[in-house]
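In this chain, numbering begins with 1 at the start of the sequence shown.
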Amino acid sequence: MARVLLEKIRKNYGDFEAVKGIDLEIHDGEFVVLVGPSGCGKSTTLRMIAGLEEISGGSLYIGDRLVNDVPPKDRDIAMVFQNYALYPHMNVWENMAFGLKLRKLPKEEIEKRINEAAKILGLENQLTKKPGQLSGGQRQRVALGRAIVREPKVFLMDEPLSNLDAKLRVQMRTEISKLSQRLGVTVVYVTHDQTEAMTMGDRIVVMKDGIIQQVGTPEEVYHSPDNLFVAGFIGSPAMNFIKGKIAKNASGVFFVAEPGIKLELTEKQAETMVNKGFADKEIILGVRPEFFTVKPADNKINAVLDVVENMGSEYYVYFSNLANQDIVARLQFEKTPHTGEKLELGVVMERVHFFDPATEKVIR
């Protein structure tokens, strides 16, 4: 296995800069997920690592080897695509063996590798079938098997689950995570699905407009976002953002927003906001849906339920009367709540975030 190092990597298509000088180190044996909306540069970055896209600037290393001008076949990587890319006229065994035959491996070694991969992936009984006879999940397993038998230094996966239905995606997510741990391989995985990123990655790389916004563990990116984009992109339902201002008076420091929101800051938050010059300034408060409470002791907000979604073990409750903005809370009730119902809503202030409207960066 090997680390992957990107130093000031750029990609230009004419005058358009798709990837803007990114720096990233992916450690040996690490599972790293590149995530972001369509057009953010994540697939382009993956394709530059694979050698399928020419690098416009910067340096790319696989292991200790500079690979900027090394063709894909000599980079010792294996790629799993969204559309499986299987040969329809070949059976499963032949699809998995194709790359090994091109490398002129001995027949015994090819047999050994395919049998091991088929056992790992539960494909022992599918080896004589053609791709058209397989389900989507089985085809994706074959694509993974074809990558495994090559025993590459790095696995590259470009949205490999996006063609599967929701239930199968969850199952394959688990299987790929188990597989990477079992093989101890370096994996670079691209997705636009932040749930996939959160559940699979050792670290997440959040991208927007060709720029890395934040790199961190799923916990770091979720609980300590660096800016408004990361805070809003990671998490489902998304973080709520409420525009207001910091008000300081004799009784304390508060976040206020019209109509009817007045939340007292913790001592530490108050000290930070005052010391950084945000007293009496516009601010954006970010709070995740799970950090609202019902029957609060303090920091009460009078709310009217607009829409209620019953998720079984909990409810997603939407409010439109708070600060003239749509707010969603993830709550538990003893009785099913109803549209139009009034309740007192509280905020767990220790878990909120404050953002500078001018820079969109978090205030810490």
Side-chain angles (χ1 to χ4, degrees), residues 33 35-37 166-167 169-170 173-174 191-201 204 206 213-214 216-244 255-257 259-266 269 283-355 362:
V33 181
V35 66
K167 185 176 180 181
R169 276 200 345 238
V170 173
R173 248 181 11 219
T174 306
T191 182
H192 65 275
D193 184 335
Q194 49 91 15
T195 303
E196 272 181 34
M198 289 291 293
T199 54
M200 298 177 76
I204 299 173
V206 185
Q213 301 292 312
Q214 186 170 357
T217 65
E219 292 78 15
E220 288 167 347
V221 172
Y222 187 83
H223 291 295
S224 300
D226 282 350
N227 56 45
L228 278 171
F229 175 77
V230 174
F233 187 80
I234 298 293
S236 180
M239 183 182 286
N240 298 287
F241 298 119
I242 306 172
K243 295 177 181 177
F255 171 82
V256 294
I261 293 180
K262 184 179 182 181
L263 305 171
E264 186 173 8
L265 275 59
T266 67
Q269 289 168 342
I283 206 79
I284 297 173
L285 178 140
V287 54
R288 293 208 177 276
E290 62 267 32
F291 296 128
F292 287 102
T293 61
V294 288
K295 299 179 182 175
D298 48 26
N299 280 333
K300 298 175 183 178
I301 305 169
N302 294 315
V304 179
L305 277 60
D306 204 29
V307 176
V308 177
E309 292 180 347
N310 187 346
M311 307 303 289
S313 61
E314 59 192 6
Y315 296 87
Y316 293 166
V317 183
Y318 296 80
F319 309 93
S320 59
N321 72 312
L322 301 178
N324 300 313
Q325 293 162 81
D326 292 330
I327 305 293
V328 57
R330 181 185 287 162
L331 300 169
Q332 291 184 328
F333 294 90
E334 292 176 6
K335 294 181 181 178
T336 303
H338 299 288
T339 300
E341 193 173 325
K342 296 178 181 179
L343 71 135
E344 286 185 336
L345 198 64
V347 177
V348 182
M349 289 303 291
E350 292 79 8
R351 305 308 296 267
V352 305
H353 304 273
F354 295 99
F355 299 92
V362 73

Let me confirm one number: the [atom1]-[atom2] distance from [X] to [Y], rounded to the nearest 0.5 Å.
| X | Y | atom1 | atom2 | result |
| --- | --- | --- | --- | --- |
| M200 | T195 | CE | OG1 | 12.0 Å |
| R330 | E290 | CZ | CD | 5.0 Å |
| R351 | T266 | CZ | OG1 | 12.5 Å |
| K262 | K300 | NZ | NZ | 14.5 Å |
| I327 | I301 | CD1 | CD1 | 8.0 Å |
| D306 | F319 | CG | CZ | 9.0 Å |

Can you find a pair of side-chain heavy atoms, one from [X] and one from [Y], that are under 4.5 Å apart?
| X | Y | answer |
| --- | --- | --- |
| F233 | V35 | yes |
| T199 | V170 | no |
| N299 | E264 | yes |
| F333 | V294 | yes |

Practice item. List the steps and the verdict of side chain to side chain contact (heavy atoms under 4.5 Å, CB included) for L285 and H353. Key: CA-CA 6 Å; L285 178 140; H353 304 273; over 6 Å; no
**Study point:** side chain to side chain contact (heavy atoms under 4.5 Å, CB included) evaluation trace for Y315 with T336
**Key:** CA-CA 8 Å; Y315 296 87; T336 303; 3.0 Å; yes
Review point. Which is it for L265 and F255 under the side chain to side chain contact (heavy atoms under 4.5 Å, CB included) test, yes or no, and what are the steps along the way?
Key: CA-CA 7 Å; L265 275 59; F255 171 82; 4.0 Å; yes
